[in-house]
Amino acid sequence: MARRPLPRILSNGTAQIARSRELARTAADSATDVLHPLITISRGLRRLAAAGRRKWADTPKDKRGPLLFLVASVVLVVALVPYGPLLAVISVMAAAAWHGRDRAPAEPEGPDESQTQRLQSLYDALVPYFSTPDDPAPLYTHGGDWEKSFPTYEFDGDGRISQLVVRYPAYFTDGEAGSRARIEQLLHAKSGRGREYHFEWDEEGNQLTVTVLPPLPTDIAAQRFVTSPGETVLGFTDPTQVQRTLPLSHGEERRDVPPVVWRTGPRSTEPHLLVMGEPGSGTTTLLRSIALQALQYGDVLIVDGSGTGEYACLTGRDGVLAVECTASGAVASLEWASQETERRLIAANHARQAGQPLPDDIRRPLWLLLDRPAALAHVAAADGHPDPQSMLQVPLRHGRAANVTVVVAEQFDSADALSDAVRQHTRARVVLGPVPSTQLEAVLGAPPHTTPVPVMPPGRGYARLGTGPVHRLQVPATPDPHDDATSDVQRQAVLELLPPRSAQVLVKQEQEPVS
């Protein structure tokens with residue numbers, strides 16, 4: 001069937017509206033220019049009238065009569081003098097125009113002396129990198145002018161550069177990572193440390209745009225995010241990196257924040273996640289946030305290698321299969337998860353061969369969350385048990401088809417203990433905490449387009465999903481509600497997201513005798 005053309009109001013209505021808005025804006029600007037003298041005089045007359053009223057109010061009552069007589073005498077003299085009324089009107093209009101002028105101080109054009117000195121020093125520092133002796137018309141020379149090299153610049157309230165466009169010669173090797181890194185390091189050092197800079201290279205136009213990024217919000221508490229099944233919010237990033245926002249609530253305030261959404265399930269290209277970080281960087285917080293989101297649609301199995309009880313709030317909840325803290329329990333639970341993955345594959349294959357839909361128990365996602373599994377490897381070896389990570393071979397290889405998702409969180413000091421299967425099959429990566437650029441690139445597979453800062457709040461880091469770009473990331477605040485250091489607001493936010501207690505746990509608690 002041939003497609004019907006869209007109605008004209010739908011096909012070109014947007015263009016007509018845009019043209020109408022442009023015409024209206026042009027007409028308003030023209031009218032403002034034409035009526036500007038009249039607007040100025042009207043403003044001056046209002047100010048003169050207000051000054052006259054203040055003068056009359058400040059005059060004592062016993063002196064108001066002589067003042068009225070004086071004003072009447074002046075009016076009579078002006079009326080009798082030849083061309084007096086005309087001259088009076090001209091004088092009043094001139095006074096109104098003078099008092100009605102825009103008294104706002106004119107903004108200075110161009111940078112001030114300190115800003116010029118900062119730009120000049122930055123230009124001089126770039127000369128050795130952007131100049132060669134064979135260049136007949138060099139853009140960068142010793143003692144040269146910076147105005148042609150920096151066409152656009154902005155400064156913050158402290159006088160430091162907040163945005164800068166740098167032009168460079170075409171022969172600069174901007175396609176090499178080492179050359180870019182040297183320029184980025186120089187601009188970071190000369191523009192002011194302690195801030196995050198975003199570098200955008202325009203290789204076609206031979207321009208580099210440097211932008212100071214604002215800090216990501218750290219006050220976003222755990223809540224029920226507006227997502228579809230199979231979507232997990234890892235955290236929040238800059239509005240320029242993603243084209244989607246989520247409506248969030250912060251007390252009585254409502255705002256839209258751009259998220260980093262990780263998609264899982266049979267159609268996901270990054271079905272498993274690896275989280276790396278230093279102690280106190282927020283890796284456990286991220287796993288707790290993922291668990292609360294996963295329990296909305298699936299079942300969760302947690303292995304806590306640290307043994308600190310960070311997941312005790314999830315014990316006995318609906319959808320939580322187990323929270324294991326011992327090596328033997330972790331091996332047994334992960335062995336069951338491996339067998340469950342095989343069972344799901346076989347059942348799904350039989351259903352497809354019979355032309356029937358998949359059973360509900362296969363459709364329901366299964367999440368395996370492992371926090372510091374390397375810490376259990378030594379204990380398991382001492383007890384004669386295999387490494388718990390060896391039980392992840394089947395879930396990692398076939399988890400996408402069986403609707404099984406694996407999330408592993410480990411610290412950098414135990415990164416060597418990660419198994420090859422975990423390294424190969426975790427295509428979604430998150431790095432939290434202050435990490436050197438080389439180590440960050442080794443985990444994510446690509447360097448970030450921003451400069452890492454030496455001090456980061458908990459839950460702050462970078463994320464990369466597969467072969468996509470590297471995003472700045474701030475994990476939502478999801479603390480342990482049993483921790484005494486947790487604020488009441490964040491504790492209540494987490495408790496509201498916890499599923500109810502399992503029926504078997506409630507029956508067991510009722511049967512226990514009260515001492």
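Position 1 is the first residue of the sequence; numbering continues from there. Excluded from the calculations below are hydrogen atoms, water molecules and symmetry mates; all remaining heavy atoms, backbone and side chain alike, are included.
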Can you spot which of I290, V408, L287, T232 makes a side-chain contact (heavy atoms from CB on, under 4.5 Å) with L273?
I290
Close side-chain approach of Q163 to T152, heavy-atom, < 4.5 Å:
no
Any side-chain to backbone donor/acceptor pair from S121 onto R118? Under 3.5 Å, distance only.
yes
Around atom CG of D416, are there more than 12 heavy atoms of other residues, nucleotides or ligands at under 6.0 Å?
no
Is a side-chain N or O of T326 found less than 3.5 angstrom from the main chain of G329, in a donor-acceptor match?
yes
If we ignore hydrogens and angles and just use 3.5 Å, is the side chain of Q223 paired with the main-chain N or O of A221 as donor and acceptor?
yes
Considering all heavy atoms, the nearest N403-G265 contact:
OD1-CA, 4.0 Å
Say you draw a straight line from OG1 of T283 to CZ of R288; how long is it, rounded to the nearest 0.5 Å?
9.5 Å
Between R400 and S268, is there a donor-acceptor pair closer than 3.5 Å when you use the side chain of the first and the backbone of the second?
yes
Should we count CD of Q117 as having more than 12 external heavy atoms under 6.0 Å?
no
Answer yes or no: is there a side-chain heavy-atom contact under 4.5 Å between V407 and W367?
yes
Rounded to the nearest 0.5 angstrom, the NE2-CZ distance for H398 and R344 is 15.0 Å
Test of understanding: with ring pair (Phe, Tyr, Trp, His ring centres under 6.0 Å), list the residues that count as partners of Y140, not counting sequence neighbours.
Y123, F130
Check: W336 and L321 side chains under 4.5 Å, non-hydrogen atoms
yes
Side-chain atoms of residues 452-471: list all donor-acceptor pairs with protein atoms under 3.5 Å, sequence neighbours left out, distances to 0.1 Å.
| residue | atom | partner | partner atom | Å |
| --- | --- | --- | --- | --- |
| R460 | NH2 | E196 | OE1 | 2.3 |
| R460 | NH2 | E196 | OE2 | 2.8 |
| Y462 | OH | E196 | OE2 | 2.9 |
| Y462 | OH | T450 | OG1 | 3.4 |
| R464 | NE | G468 | O | 2.7 |
| R464 | NH1 | L444 | O | 2.9 |

Can you tell me how far apart OG (S191) and CG (L164) are? Round to the nearest 0.5 Å.
6.5 Å
Look at atom CD of Q353 and say whether more than 12 heavy atoms of other residues, nucleotides or ligands are closer to it than 6.0 Å.
yes
Measure the spacing between CG of L208 and CG of D202 and express it to the nearest 0.5 Å.
9.5 Å
Quick one: side chains of residues 182-189, donor-acceptor pairs under 3.5 Å with protein atoms, not counting sequence neighbours, listed by atom name and distance.
| residue | atom | partner | partner atom | Å |
| --- | --- | --- | --- | --- |
| R182 | NH2 | S179 | OG | 3.2 |
| E184 | OE2 | W201 | NE1 | 3.0 |

Would you indicate whether the side-chain heavy atoms of Q411 and M276 approach each other to under 4.5 Å?
no
Test your reading of the model: is there a side-chain donor-acceptor pair from R160 to the backbone of D156, 3.5 Å cut-off?
no
Please round to the nearest 0.5 Å and tell me the distance separating atom OG1 of T405 and atom CG of L396.
10.5 Å
With heavy-atom distances below 4.5 Å as the criterion, would you say the side chains of D124 and K190 are in contact?
no
List, one per line, each side-chain donor-acceptor pair under 3.5 Å for residues 429-437, sequence neighbours excluded.
| residue | atom | partner | partner atom | Å |
| --- | --- | --- | --- | --- |
| R429 | NE | T426 | O | 2.6 |
| R429 | NE | T426 | OG1 | 3.4 |
| R429 | NH1 | V443 | O | 2.8 |
| R429 | NH2 | R423 | O | 2.8 |
| R429 | NH2 | T426 | O | 3.4 |

Do the side chain of T341 and the main chain of A337 share a donor and acceptor less than 3.5 angstrom apart?
yes
Would you please name every residue forming a salt bridge (charged side-chain N to carboxylate O under 4.0 Å, His left out) with E335, sequence neighbours left out?
none
Looking at D480, is its backbone amide N or carbonyl O close enough to the side chain of T486 to form a donor-acceptor pair, meaning the two atoms are under 3.5 Å apart?
yes
Is a donor from one side chain sitting under 3.5 angstrom from an acceptor on the other, for T284 and E310?
no
Counting neighbours of NE2 on H449 that are heavy atoms of other residues, nucleotides or ligands and sit closer than 6.0 Å, is the number greater than 12?
no
Pairwise side-chain contact, L392 with L334, heavy-atom cut-off 4.5 Å (strictly under):
yes
For residues 363-372, which residue pairs qualify under salt bridge (Lys or Arg N to Asp or Glu O under 4.0 Å), counting only residues two or more places apart or in two chains?
D299-R364, R372-E410
Ignoring hydrogens and geometry, is there a side-chain-to-backbone donor-acceptor pair from H272 to V406 under 3.5 Å?
yes
Side chains of P373 and V303 in contact at under 4.5 Å (non-hydrogen atoms):
no
Distance (rounded to the nearest 0.5 Å) between F225 CZ and Q293 CD:
5.5 Å
Please check if the side chain of Q389 supplies one atom and the backbone of A417 the other of a donor-acceptor pair under 3.5 Å.
yes
So, does R267 use its side chain to make a donor-acceptor pair with the main chain of R263 at under 3.5 Å?
no
How about D383 and S328: do any of their side-chain heavy atoms sit closer than 4.5 Å?
no
